[in-house]
Amino acid sequence: MMSTKAREALVERLLSRGTVDVVVRERLRERLLGDRPLRVKLGVDPTRPDIHLGHYVCFRKLREFQALGHQVVVIIGDWTARIGDPSGRSAQRPMLTAEEVQANAQTYLEQFFKVVDVSRAEIVWQSTWFGTFTLEDVIRLASKYTVAKLLTREDFAKRYEQGSPISITELLYPLLQAYDSVAIQADVEIGGTDQLFNLLVGRDIMREYGLEPQDVLTVPLLVGTDGTLKMSKSYGNYIAVNEPPTEMFGKIMSIPDHVLGDYLRLLTDLPDDEIDALLAGMANGSINPRDVKERLAVLIVSDLHSPEAAENAREYFHRVHRLRELPEEMPVVSVPPRTRVIELVVRAGFARSNNEARRLVAQGGVRLDGRRVEDPEEVVEITEPIVLQVGKRRFARLLPSPVPD
RNA sequence: GGGGGGAUGCCCGAGUGGCCAAAGGGGCCUGGCUGUAAACCAGGUGCGAAAGCUGCGGGGGUUCGAAUCCCUCUCCCCCCA
C-alpha cells in the first residue's frame, strides 16, 4: 500500500499533468482519494482501429487512474459506429457490418492493452443496452435534451450558421454517448478536449436518469508530426501505436523541435522540472534537440514495445542516419543475374513503376554497394549479393536468382 | 413540391473549346545542408523502352480538336415551401 502522501501526489499529478478540463475538480479529487474504486469510462469508436500517439495520451491517463486502484470501463461503441459519426464534413461513412465492427474492436483492444492494465479493465459492448432499446426508449432519451443545448456545441453551431448539413443522427450521437454513462454508471469519463461537450451532456443525462453525474476529464489533442494540426489518420501526420520499433523511432525523430515540450509532457513520465530543464537547455543552445528527441523516442518505444526494441531502434537510427552506414538487417530480394537498374528498384518494392524508378536514379537516389548509379538503363551483373539503397533509408540485399524469368 | 450550386490528380483547389499530363498549395519522394527521418534550400511527383496511351463523377454526342459545349445517368450540397 502506498502512503497517503504518495497517493496525494499521484492524484495531484493525474488532475494537472496533461489535462485541460476537469469537471468537477474538487469533487473528483476527493473521490480519487476515497476508498471506493471509481468507474472510469472511455468510449471507443470501432470504425477506425488506427490507434496513434494521440490515443496513447488518453490511455496513459487511464493507466494513472488504475495506478490509484480505479477501474477502467471501455465501451465499444458498436451501435454508434454503425449509425455514423458526428465529426461530419466528410461524406457519409459507410455502414459497417457487425463483423467489421467486431474485428476493429479486436485490433483496437490489442493496442489499448499495450498500455492499459487488463486486470483492472472491463470491456462493455454498447449493444448490450442499445440492442434492445425500443423507440419508446429513444424518445424518452431524446426528450431529456433540447436542440438549443445541442447547438451550443461549437461545430454544430458553426455548421448551422453556415447552412451546412447536420443530420439527426449526428444530433443524437451525444445523447447516445451520454446514455452509455447511465448504462454503466460511470463515475468519471475521459476524452480529448474535442469531447468536452459530449462528456458534459453525459452529466446532464445522468442527472435526468436519477444518477450522480460523472466527473469529466479531458486531455489535450496531440499535435501531429507536421507540428501544426492535431494528430489524425486523415491528416497523415500520425505515429501509430503498433508501428514497428524502427519506424516509430524514426518518426519521433522527425517531429519538429517545437512540439517536443508537448510530447514529453503528454507521452512520458519524466518529471515536470526535468522537462523544464530540457526545454530551457534547448532554448539556450546547451542541449541539442536531437538528443532530447532521441530520449523521447527511447521512452515511447520502450513503453509500447520493449526497452530492448527501443535500444535496437536507436542503434539502427545511429547507424543509418548519423553514420550513414548500412543497417544490420535488411530485406533480401532475389533477382535475375542480369537486370536493368530500374527493374531492380521496382522489384525491391522501392518504386511502383519503371518511370518512378527512373526518376529516382535521375535524382541520384539509387546506390548499388554504395556506388551512385547514374544511368537508369545500366544493366547490372549480379553474381554475388549486392546492396541496393534507395534514398537514405531504404535498403535491400539483392541475391542472384538461379531461375531467370 | 419549387429554385439554385457542385463532382478535377493522394488531398485541397484553379481552370469555360486548342498554348492542359492540367496553375497553386499540402502531402509524399529525391538531392543539398545539418552529429535529427527536425528546420532550411533545390528539384521531382500518371503509365510506357519509345512511338504513344490513359486521364478532369458514369455513359453518349457535337467538333479538325473537349476538363471546358450538348444530351443523359449517378451522387452531393444549399435556399424557399
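Lettering follows sequence order; numbering is per chain, from 1. Computed from heavy atoms alone, side chains included, the values below leave out hydrogens, waters and symmetry copies. What you see is a predicted model, and the numbers here were worked out from it, not measured in a lab.
Taking atom P in both rG17(B) and rC12(B), the straight-line distance is 26 Å, to the nearest Å. Here, rG52(B) and rC71(B) have their C1' atoms 32 Å apart, quoted to the whole Å. rU8(B) and rG55(B) are spaced 10 Å apart, taking the C1' atom of each and rounding to whole Å. If you take atom P in rC11(B) and the same atom in rA23(B), they sit 16 Å apart, rounded to whole Å. Taking atom C1' in both rG13(B) and rC56(B), one finds a spacing of 13 Å when rounded to whole Å. Using C1' as the reference atom, rA39(B) and rC47(B) are 36 Å apart when rounded to the nearest Å. Across the P atoms, rA67(B) and rG2(B) are found 34 Å apart, a figure rounded to whole Å. Comparing rC70(B) with rU63(B), their P atoms sit 15 Å apart, to the nearest whole Å.
Side-chain to base pairing of Arg372(A) with rU30(B): no donor and acceptor N or O lie closer than 3.5 Å to each other. The base of rG43(B) sits with one of its N or O atoms less than 3.5 Å from a complementary donor or acceptor on the side chain of Gln363(A). With hydrogens and angles ignored, a donor-acceptor pair closer than 3.5 Å exists between the side chain of Asn355(A) and the base of rG48(B).
Across Val380(A), Leu344(A), Ile386(A), a single residue satisfies side chain to side chain contact (heavy atoms under 4.5 Å, CB included) together with Val335(A), and that is Leu344(A).
Rounded to an integer number of Å, the gap from Glu377(A) CD to rG48(B) C1' is 12 Å. What separates CE of Met282(A) from C1' of rU36(B) is a distance of 12 Å, to the nearest Å. One atom, NE2 of His318(A), and another, C1' of rG35(B), lie 9 Å apart when rounded to the nearest Å. Atom-to-atom, CZ of Arg314(A) to C1' of rG35(B) comes out at 14 Å; the value is rounded to the nearest Å. Summarising the geometry, the separation between CD on Gln389(A) and P on rC29(B) is reported as 15 Å, rounded to the nearest angstrom. A straight line from CG of Asp257(A) to C1' of rA37(B) spans 13 Å, rounded to a whole angstrom. Whole-Å rounding puts the Asp291(A) CG to rA38(B) C1' distance at 13 Å. Between Asn237(A) atom CG and rA38(B) atom C1' there is a gap of 15 Å when expressed in whole angstrom units.
Between Arg359(A) and rC47(B) there is a side-chain N or O to OP1 or OP2 distance below 4.0 Å. Contact annotation: Ser353(A) side-chain N/O to rC47(B) OP1/OP2 distance is under 4.0 Å. A close approach under 4.0 Å does occur between a side-chain nitrogen or oxygen of Asn354(A) and OP1 or OP2 of rA49(B). Look at Arg358(A) and you won't find any side-chain N or O under 4.0 angstrom from OP1 or OP2 of rG44(B). Between Arg393(A) and rC29(B), a side-chain N or O to OP1/OP2 separation shorter than 4.0 Å is present. Note on His321(A): a side-chain N or O is less than 4.0 Å away from OP1 or OP2 of rA37(B).
We find that Asp257(A) and Lys293(A) are joined by a salt bridge, their nearest charged nitrogen and carboxylate oxygen being less than 4.0 Å apart. A salt bridge links Glu12(A) with Arg29(A): at least one charged nitrogen is closer than 4.0 Å to a carboxylate oxygen.
In this entry rG52(B) has rC47(B) as its Watson-Crick or G-U wobble partner, both defining distances falling under 3.5 Å. With both pairing distances under 3.5 Å, rC40(B) is matched to rG32(B) as a Watson-Crick or G-U wobble pair. If you check rC75(B) for Watson-Crick or wobble pairing at under 3.5 angstrom, you find it paired to rG6(B).
Surrounding CZ of Arg371(A) are more than 12 heavy atoms belonging to other residues, nucleotides or ligands, all under 6.0 Å away.
Using a 4.0 Å heavy-atom criterion, one finds that Glu343(A) contacts no nucleic acid atom at all. Within 4.0 Å of Phe317(A), counting heavy atoms only, lies at least one base atom of the nucleic acid. Residue contacts for Gly250(A): at a heavy-atom cut-off of 4.0 Å it reaches a base atom on one of the strands shown. Heavy atoms of Thr228(A) sit nowhere under 4.0 angstrom from any nucleic acid atom. Contacts of Arg324(A) with the nucleic acid, taken as non-hydrogen atoms under 4.0 Å apart, include base atoms.
Listed for the Asn237(A) side chain is no donor-acceptor partner under 3.5 Å among the backbone atoms of Asp226(A).
Comparing atom distances between the Lys392(A) side chain and each of rU30(B), rU36(B), rG31(B) picks out rG31(B) as nearest.
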Item checked: Val124(A) and Val73(A): CA distance, side-chain angles, deciding distance, side-chain contact (heavy atoms from CB on, under 4.5 Å) verdict -> CA-CA 7 Å; Val124(A) 188; Val73(A) 183; 3.8 Å; yes
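Here the side chains of Tyr179(A) and Phe130(A) are in contact, with some heavy-atom distance below 4.5 Å. Using a 4.5 Å cut-off on side-chain heavy atoms (C-beta onward), Val320(A) and Thr246(A) make no contact.
Map Ser254(A) and Leu360(A) each onto its nearest nucleotide of RNA chain B; the residue landing nearer the 5' end is Leu360(A).
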